[in-house]
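Before any comments, here is the structure.
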Amino acid sequence: MFVSKRFASILLILCGAFIFAQTDEIKTISVMKGDSVTLHTGVSDINRDIQILWLFGPENPDTLIAEIYKLKIFIHGSYEGLKDRLQMDPQTGSLVIGNITTSHSGLYTAQIMTDTVTIYKRFSVIVYAPVPLPVIESSSLVSECQISDRGFSCEDCAVKCSAENGPGVSLSWYKGRERLNQTSSPELNINLSLPLEIKERHSDVYHCVAANPISNKTTQFSFQQHCPQYTDSIPFCGCTEAVIRLVISALVGVAAVAILVYDIRSGRVDASPQTNVRVK
Ligand SMILES: *[C@@H]1O[C@H](CO)[C@@H](O)[C@H](O)[C@H]1NC(C)=O
Ligand SMILES: *[C@@H]1O[C@H](CO)[C@@H](O)[C@H](O)[C@H]1NC(C)=O
Ligand SMILES: *[C@@H]1O[C@H](CO)[C@@H](O)[C@H](O)[C@H]1NC(C)=O
Ligand SMILES: *[C@@H]1O[C@H](CO)[C@@H](O)[C@H](O)[C@H]1NC(C)=O
């Protein structure tokens, strides 16, 4: 049997790929919704003797979506919405999916056939939506310095960060570059929520990050905005100022009462004119 040099080299490439495929490796590709992705066959130059079938399925690659045979390309319309987005590279048989949507997440397999060998290239494509911007809310509205037998104590500023959940989404609190806490959930129809008690008042070093494997969004914590009850001039747990204020207002109150009593005693003030009772 006569085998051309070129065909032999392709066979060689395919055999190499065959050994590779034997390991049953599935290449995972993460892609952002709306982007374009190329699934490579690894074949460098297709000739008439090579047939490539592309199969797809959300769980099993069981639907024929594209094919090249005797150098002719066929795109099949069997999977909803996918047909208009598919292109095949006529040189390599690689599959290009344009403007991909989350419903095109799943398993793609290229079945590459010559007269003598069949090899498979498997891909797991995961399409992620961009993560939503996390929202920071104050989770306790009233906060004040309280007197106890140990002295004054102030509540921390309690906030929570939330974001809509989605595939691969996690929500984290950071203090500078240090991650303080993180949450995620396999249940997708919920909002993720992560509480935090903020202790340092002097700088806005905290931020909340929503992330998935391809994108992230950050919301910066701000005392002014998220804990307005703390932005009054009382420094954090520097309750001495609160004490001074309390003492001053108490002194002012005592002084006012003293002056009033003095005035009443000296008969200069009509204490309750409505009832016509006069102080003698
Ligand atoms: C991408 O597909 C969506 C529908 O899934 C469509 O609304 C949008 O216009 C498409 N974008 C482009 C650039 O074709
Ligand atoms: C992380 O958050 C959970 C609540 O979602 C809380 O129980 C836990 O104490 C937090 N861990 C830290 C280190 O703040
Ligand atoms: C998630 O949060 C959004 C507001 O950010 C709200 O409109 C929606 O109802 C919440 N969903 C759930 C399941 O709590
Ligand atoms: C967020 O994404 C940027 C790139 O856009 C990356 O440099 C950064 O490390 C990511 N941050 C986190 C917390 O994942």
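As the structure is a prediction and not an experimental result, all values here were calculated from the model. Note that ligands are numbered from 1 as they come in the structure, with each ligand's atoms numbered from 1 the same way.
The distance from ligand 1 to the heavy atoms of Thr101 drops below 4.0 Å at these ligand atoms: 5 (O). In summary, the atoms of ligand 4 found under 4.0 Å from a heavy atom of Tyr174, numbered by their order in the structure, are 13 (C).
For Arg85, every heavy-atom contact with ligand 1 shorter than 4.0 Å involves the side chain, none the backbone.
Residue pairs meeting the salt bridge (Lys or Arg N to Asp or Glu O under 4.0 Å) criterion with at least one member in residues 127-139, sequence neighbours excluded: Glu137-Lys160. Residue pairs that meet the salt bridge (Lys or Arg N to Asp or Glu O under 4.0 Å) test with at least one member in residues 210-221, sequence neighbours left out, do not exist here.
Residue Phe74 qualifies as enclosed at atom CZ: its count of foreign heavy atoms under 6.0 Å is above 12.
Side chain of Thr102 to backbone of Val127: no donor-acceptor contact under 3.5 angstrom is found. In terms of modelled atom types and a separation under 3.5 Å, the side chain of Asn165 and the main chain of Glu187 share a donor-acceptor contact. Between the side chain of Arg85 and the main chain of Ile97, no donor-acceptor pair closer than 3.5 Å is present.
Ligand 3 lies under 4.0 Å from heavy atoms of Asn189, Asn191.
Membership of the apolar cluster around Ile126 extends to Met32, Tyr128, Ile214, as traced through chained side-chain contacts below 4.5 Å between ILVMFWY residues.
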